[in-house]
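Lettering follows sequence order; numbering is per chain, from 1.
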Protein chains: 2
Amino acid sequence: MVVRLDQIVGANAERSRSHNRQLVLGHVRRAGQVGRAEIARASGLSTQAVSNIIADLEREGLLVEQGRLQGARGMPAIQYAVNPRGGFAFGIEIRPGAVFAVMLDLLGNTVFSHRCTLSSALPDAVTAKVLALRDLALSQTGVPADRILGAGVVVPGPFGTTSLKDEATELPGWAQIDMSAWFTRAFGLPAHVENDANAAAMAEHVSGAARELSHYAFLYFGTGLGLGLVSEGRLVRGAFGNAGEIGHVTMPTASGGVVLEQAVSRLSIARHLAGHGIDAPDSASLAQLYDQGCPALIDWLDQAALPLAHAVSLVENLFDPQAVILGGALPDTLIDHLIAAMPLDERSVANRPDRTTPRLLRGASGRMTAALGAASLIVNRTFTPQLAVAV
Amino acid sequence: MVVRLDQIVGANAERSRSHNRQLVLGHVRRAGQVGRAEIARASGLSTQAVSNIIADLEREGLLVEQGRLQGARGMPAIQYAVNPRGGFAFGIEIRPGAVFAVMLDLLGNTVFSHRCTLSSALPDAVTAKVLALRDLALSQTGVPADRILGAGVVVPGPFGTTSLKDEATELPGWAQIDMSAWFTRAFGLPAHVENDANAAAMAEHVSGAARELSHYAFLYFGTGLGLGLVSEGRLVRGAFGNAGEIGHVTMPTASGGVVLEQAVSRLSIARHLAGHGIDAPDSASLAQLYDQGCPALIDWLDQAALPLAHAVSLVENLFDPQAVILGGALPDTLIDHLIAAMPLDERSVANRPDRTTPRLLRGASGRMTAALGAASLIVNRTFTPQLAVAV
DNA sequence: CTTGTTAATTCAACTGGATTGAGTTAATCA
DNA sequence: TGATTAACTCAATCCAGTTGAATTAACAAG
């Protein structure tokens, strides 16, 4: 799997316009609804420029008028809001045994969601399955094909050949393929390829707990433990797209040290419960066990809280985020328990008297997190000026 | 100390031109020398646009013609290179007891360097001292004042009120001041305020080991241990400018865990040597001790290598950088010893068969690192398109 | 040597999109 | 009711990049 990096590109009239359109859209989304003048002030553009752009966006159905804002002096500002049905994003998560697909509208609402098994993870089989899912999504929602802005694809990392490569988690047959180009071609749409934790982090930005945040970290409970980092509203992907492999980090414990993923992950829960003769194959059964007060599970949670707190402390000290978000394939109740049980480091750059958000937040995206994140990559891009990061 | 964050701004003719100028300058710097056509291809601009921009830059003295490149078919391309004396950057490092000042030319060469003591770190005293240093730099080098592109300022972090705040390392009297605005005003020039590790990281990018890198991490031996992170050529500063506080992270050891800074820092060396009755107040004396094969020092180095290797592993797994660079206030020989003594984690995303640079590099900027970095912030900005990150 | 080919560069006309400044509209305030 | 305030529109202007044709300077082949 080849990863392509973005490159800065020169500005001309056309690209400037595209940049400004996305900037305006982004302002409207963040504000919920705003008038032209306020956007102009915030963006450094003239009101006339904003006016022209808004006219375009309204004609194309991306923005809708919301009436006038009253109560202040002067001519009341005509408010605009993002039209959720102005565009849609398709997202898929590919795993060795299954494919998840979602479609989101421009505000990040899920309008389609589906999972199916995957008998072969080879490129042709995956592509056929994924195109079928796209067609299903289109026909089931009635969304016209030209309203799809792009496709996000989540695949298990790490990308490229690394010593962490583990045949069990990698997809076979994809090693030499530039997945981004491959899916762009298959869909006839711009495609974004990302790992699960990064995508999940963007899901929180688009429609979850990080809507208001531009610097945050997302701890992702997948099979292992991943980390998605967002700085200045952009993913920190690393040189080869593999940033955030926090699961492989060794954590200090009283007995010397432990690899984080072995202490905190779905696999670690399963192992612990199996040791008590309990089988909990999915999130639902875990949630049920927790509701029943299963001692083995509570035991695991309290045991996992310490290494997890160390991970949080690590992330806080290294990134200085506005907040650390916990989410992924774990029931909300368990995440809340972990958050409550975690002893937060007092001596941390994150421990500020003037902070407005809690240091820890629970993710909002639930069990389709990664596929949701895949689509969120596209939604987010629609609102992000591209001049500095054209592909 | 208030930290201001950048904001994305709309594109218009003027800002597009500025963006494109910086893009062109950046291409020329990276290439050493290039012709118009190649820049046009790389930047996505038309040759005509590049031609116009180059004409401007040449007239202003930022670029110089270098003759034609022969040997190929077609009209030989006129080569251009950055004129080192086309612009200069002023950099200062403020510490509680001393001020360092440097001036760099556009290629990152040091043209002035000075240190002096500081009796008071209060705003007015610092400002007076720093302006005097600027005047000294101008008169000693004969550089005209209007060739100074900006001033970089390094101050001890962390910024703002955090639980890490330690009166000994903070500057008194600055708490409520927006330093960036303060120094912009004092110098009558754009000023950038940064912590030591981040600035040092940029120094490596401008004139050190990271010239060719766009994703890297810099481990900075200051009084404590800092970390500067660069992703896509830009500093990852964190929400409040305090990213990179790696010194406060707890490392696993056989005996439980240790705060990294206590095992690896100038203070830790001093403590260890003092325990053996040795006093080594500065870098020079450390270098001398090492040349003499001082057993206590070798002992410390070998003892520090393990926690440091853990730090490197941490950074590699969390950022996936092209390389990790070690530098700061430690003699080169000691850094080389540490690099050689560090057992690198085999299981890491950084352990790739296809890597072209070593996982660990020694920084090139020597003892004035932080002040150099301060100036490098300005040099770097001159070559970085600002449309996406206008202040 | 000439002639053809290739590729960089320049010239001049064109164009897209942002700005500017004057004018219009719709609200609040006194 | 009139003054004030602020958002918005119109039309002219301007900046900077693009386009396509023309020019220039090398190499290559006969």
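Between A:Arg17 and C:dG16 there is no side-chain N or O to OP1 or OP2 distance below 4.0 Å. At the phosphate of D:dT24, neither OP1 nor OP2 sits under 4.0 Å from any side-chain N or O atom of B:Arg68. Contact between the side-chain N/O atoms of B:Arg36 and the OP1/OP2 oxygens of C:dT10 is found at a separation under 4.0 Å. Using a 4.0 Å cut-off, some side-chain N or O of A:Arg41 falls inside it from OP1 or OP2 of D:dA7. Distances shown here put a side-chain N or O of B:Asn20 below 4.0 Å from the OP1 or OP2 atom of D:dG17.
A:Gln48 places its CD atom 14 Å from the P atom of C:dG21, with the value rounded to the nearest Å. For A:Met75 and D:dT9, the CE to P distance is 7 Å, given to the nearest whole Å. As rounded to whole Å, 16 Å separates atom P of D:dC15 from atom CD1 of B:Ile53. A straight line from CG of B:Leu45 to C1' of C:dA8 spans 17 Å, rounded to a whole angstrom. Nucleotide D:dA7 holds its P atom 14 Å from the OH atom of A:Tyr80, rounded to whole Å. Distance CD1 (B:Ile54) to C1' (D:dA16): 16 Å, rounded to an integer number of Å. To the nearest angstrom, C1' of C:dA18 lies 13 Å from CG of A:Asp56. Rounded to a whole Å, the CD1 atom of B:Ile39 is 13 Å from the C1' atom of C:dA8.
Looking at B:Arg36 and B:Thr47, their side chains never bring a donor and an acceptor atom within 3.5 Å of each other.
Comparing A:Glu38 and A:Ala13, the nucleotide of DNA chain D nearest to each residue sits closer to the 5' end for A:Glu38. Position along DNA chain C of the nearest nucleotide to A:Ser18 versus B:Pro76 favours B:Pro76 as the more 5'-ward residue. Where B:Ala77 and A:Asn52 each meet DNA chain C at their nearest nucleotide, the meeting point lying more 5' is that of B:Ala77. Closest-nucleotide positions on DNA chain D for B:Val50 and A:Ser51 were compared, and the one nearer the 5' end corresponds to A:Ser51.
Counting non-hydrogen atoms of other residues, nucleotides and ligands closer than 6.0 Å to CZ of A:Arg85 gives a total of 12 or fewer. B:Gln66 CD: more than 12 foreign heavy atoms inside a 6.0 Å radius.
Across all strands shown, A:Arg21 has no heavy atoms under 4.0 Å from either base or sugar-phosphate atoms. A:Ser46 comes within contact range of at least one nucleobase, with a heavy-atom separation under 4.0 Å.
Between B:Arg237 and A:Asp320, no side-chain nitrogen of the basic residue sits less than 4.0 Å from a carboxylate oxygen of the acidic one, so the salt-bridge criterion is not met.
Annotation: the span from B:Phe383 atom CZ to B:Leu106 atom CG amounts to 4.5 Å, rounded to 0.5 Å.
At a cut-off of 3.5 angstrom, the base of C:dT28 holds at least one donor-acceptor pair with the side chain of A:Arg73.
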